Student: 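My questions will all concern the structure given below.
Computation of the quantities below employed the complete heavy-atom set of this structure, encompassing side-chain atoms and omitting hydrogens, waters and symmetry-equivalent molecules. Lettering of chains follows the sequences in order, A, B, ..., and the numbering in each one begins at 1. Just so it is clear, the structure is predicted and the values come from calculations on it, not from any experiment.
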Number of protein chains: 2
Amino acid sequence: MKSKDEILRERILSGADRLFQKYGLSKTTVEDIAREAGKGKSTLYYYFKSKEEIFDVIIQNEKKLFFEILQESVSKAPTAKEKLHVFIITRFTRLKELTNLYNVMIDEVKEALDGCVTLRYRKQYEQKEANIVKSIFQYGIVTGEFRVFSDEDLDLMAFCFMSSQHGLEIDMIIHNKLDEMLSRLNFLMSLLIDGIKK
Amino acid sequence: MKSKDEILRERILSGADRLFQKYGLSKTTVEDIAREAGKGKSTLYYYFKSKEEIFDVIIQNEKKLFFEILQESVSKAPTAKEKLHVFIITRFTRLKELTNLYNVMIDEVKEALDGCVTLRYRKQYEQKEANIVKSIFQYGIVTGEFRVFSDEDLDLMAFCFMSSQHGLEIDMIIHNKLDEMLSRLNFLMSLLIDGIKK
DNA sequence: AATAGAACAATATCGTATTTTGGTCTAATA
DNA sequence: TATTAGACCAAAATACGATATTGTTCTATT
């Protein structure tokens with residue numbers, strides 16, 4: 001049974017989530033968020049330190065949800081190979097639904113390419129992705145599906161696997177071929193799996 | 001023996017190349033380029049239709065040079081596997097030297113991520129890259145190094161190989177690890193090669 | 001034929017006024 | 001006392017008119 005505080009807090013967050021999805025962080029005002037929650041601005045500041053904190057909580061929540069879903073679906077697959085494919089499919093399907101998390105990832109790429117590296121969210125996000133992939137590798141080694149690699153190589157491989165998926169995504173965006181995205185992500189993952197299997 | 005026209009034309013181009021490298025296309029004025037060539041603006045318009053054409057010629061020249069160098073170094077390697085590694089090393093080494101070409105590639109990624117897909121240069125550039133990689137695959141099949149793939153799969157593989165390299169580059173830029181770039185590019189290529197070899 | 005320099009319209013920049021915005025604070029309300 | 005509204009504030013953003021800059025054209029000159 002949630003307290004009154006928590007109910008209102010979540011009302012503010014879900015309203016803000018919708019606004020950020022629609023208008024982005026910069027175009028959504030604190031006044032907008034207050035109105036959406038049916039409260040005054042002061043009330044927002046009672047519950048949150050700043051607009052930035054509201055956004056941060058939303059992103060952290062989406063990230064938490066994303067990785068819970070990802071981890072759950074991966075854990076259900078019986079083989080490491082299947083886990084990797086499930087990882088790709090689930091990641092692709094679910095990340096797009098979490099619009100604010102997705103947008104933040106893209107924004108940080110753009111910032112980095114502009115020579116402005118802040119990485120508020122992406123570093124930790126990518127680390128979590130790579131950790132899941134690494135644990136799948138380790139599982140695959142235990143089951144005998146994959147060759148044995150050093151821990152250092154596993155880290156490197158996880159990074160490279162994910163970077164290659166990121167690259168494919170970006171290139172598909174560039175070439176406006178979003179409908180082929182999932183099949184190509186899977187194709188690439190199959191190639192990479194072929195590179196590490198026994 | 002070059003004609004006077006060609007000498008002056010190349011003087012304009014090399015001056016403009018330096019200016020574009022330093023200031024970029026938008027911040028380099030036609031007046032700048034004229035001054036660098038020691039001529040008036042009108043003279044520039046005698047030889048080139050517009051500032052944009054000067055830039056285009058420079059990019060096309062850099063691209064031509066880049067692919068000649070790439071093709072030459074690849075053709076010297078004896079095995080398909082070595083060709084792929086030479087491709088990666090040469091590509092990495094030489095593209096960075098061709099500043100204007102490199103900058104145009106990055107700019108087009110940024111534009112695409114902004115939802116504005118123009119692709120003045122990148123599409124053809126990527127097609128050429130993929131063609132070289134595909135021909136290396138075909139060579140590797142002939143020499144017996146790689147498994148046999150359909151032509152369609154070869155196209156897809158070439159695209160995916162290059163996209164994965166692009167992704168690694170972008171992620172290294174994002175994480176500010178440019179010093180590790182080449183080793184990781186080679187590491188990823190090795191994984192991918194392992195995925196296609198007999 | 002090759003070149004300079006003036007002219008032009010479109011675009012960019014700049015300074016200033018005005019509005020908006022995130023956040024603070026006090027008083028009111030439940 | 002906890003929660004909330006609304007006034008206020010300084011900084012940031014925006015709008016706008018004036019001015020400068022820029023890419024290009026065109027005419028006259030060499």
Student: If we ignore hydrogens and angles and just use 3.5 Å, is the side chain of A/K83 paired with the main-chain N or O of A/V74 as donor and acceptor?
Tutor: yes
Student: Which distance, rounded to the nearest 0.5 Å, do you find between the CD of A/E62 and the CZ of A/F66?
Tutor: 11.0 Å
Student: Kindly indicate, with the supporting measurements, whether the criterion side chain to side chain contact (heavy atoms under 4.5 Å, CB included) is fulfilled by B/H166 and A/I170.
Tutor: CA-CA 9 Å; B/H166 298 156; A/I170 289 173; over 6 Å; no
Student: By the 4.0 Å heavy-atom rule, please label B/S26 as base, sugar-phosphate, or nothing.
Tutor: nothing
Student: Tell me: CD of A/E31 to C1' of C/dT19, nearest whole Å?
Tutor: 14 Å
Student: Look at the side-chain N and O atoms of B/T29 and state whether any lies under 4.0 Å from the OP1 or OP2 oxygen of D/dT21.
Tutor: no
Student: Both A/T43 and A/K27 contact DNA chain D. Taking the nearest nucleotide for each, which residue is further toward the 5' end?
Tutor: A/T43
Student: Output one line per pair: protein atom, nucleotide atom from nucleotides 23-28 of chain C, and distance, for all N/O pairs under 3.5 Å.
Tutor:
| residue | atom | partner | partner atom | Å |
| --- | --- | --- | --- | --- |
| C/dG23 | OP2 | A/Y45 | OH | 3.1 |
| C/dG23 | OP2 | A/K51 | N | 2.8 |
| C/dG23 | O6 | A/K41 | NZ | 3.0 |
| C/dC25 | N4 | A/S42 | OG | 3.4 |

Student: Nearest whole angstrom, please: distance from the P of D/dT25 to the CZ of B/F48.
Tutor: 15 Å
Student: Please report the distance, rounded to the nearest Å, between CG in A/L19 and P in C/dG22.
Tutor: 12 Å
Student: What is the separation between atom CG on A/L25 and atom P on C/dG22, rounded to the nearest whole Å?
Tutor: 9 Å
Student: From CD1 of B/I54 over to P of D/dT22, roughly how many Å is that when rounded to an integer?
Tutor: 15 Å
Student: From CD1 of A/I33 over to C1' of C/dT21, roughly how many Å is that when rounded to an integer?
Tutor: 12 Å
Student: Within 45° of the axis and under 6.0 Å from the centre of the six-membered ring of B/Y121, does NZ or CZ of B/K63 qualify?
Tutor: no
Student: Tell me whether A/N100 contacts the main-chain N or O of A/D17 through its side chain, where contact means a donor paired with an acceptor under 3.5 Å.
Tutor: yes
Student: Expressed as a whole number of angstroms, how long is the span from B/D32:CG to D/dT21:P?
Tutor: 13 Å
Student: Tell me what B/D5 touches on the nucleic acid: a base, only sugar-phosphate, or nothing, going by heavy atoms under 4.0 Å.
Tutor: sugar-phosphate
Student: If you look at every strand shown and take non-hydrogen atoms under 4.0 Å, does B/Y47 touch a base, only sugar-phosphate, or nothing?
Tutor: sugar-phosphate
Student: Just checking, is any N or O donor in the side chain of B/T143 or B/E145 under 3.5 Å from an acceptor N or O on the other one?
Tutor: yes
Student: Would you classify A/L8 as touching base, sugar-phosphate or nothing, given that sugar-phosphate means primed atoms plus P, OP1 and OP2, and contacts are heavy atoms under 4.0 Å?
Tutor: sugar-phosphate
Student: Hydrogens and angles aside, do A/T29 and A/D32 bring a side-chain donor and acceptor to less than 3.5 Å of each other?
Tutor: yes
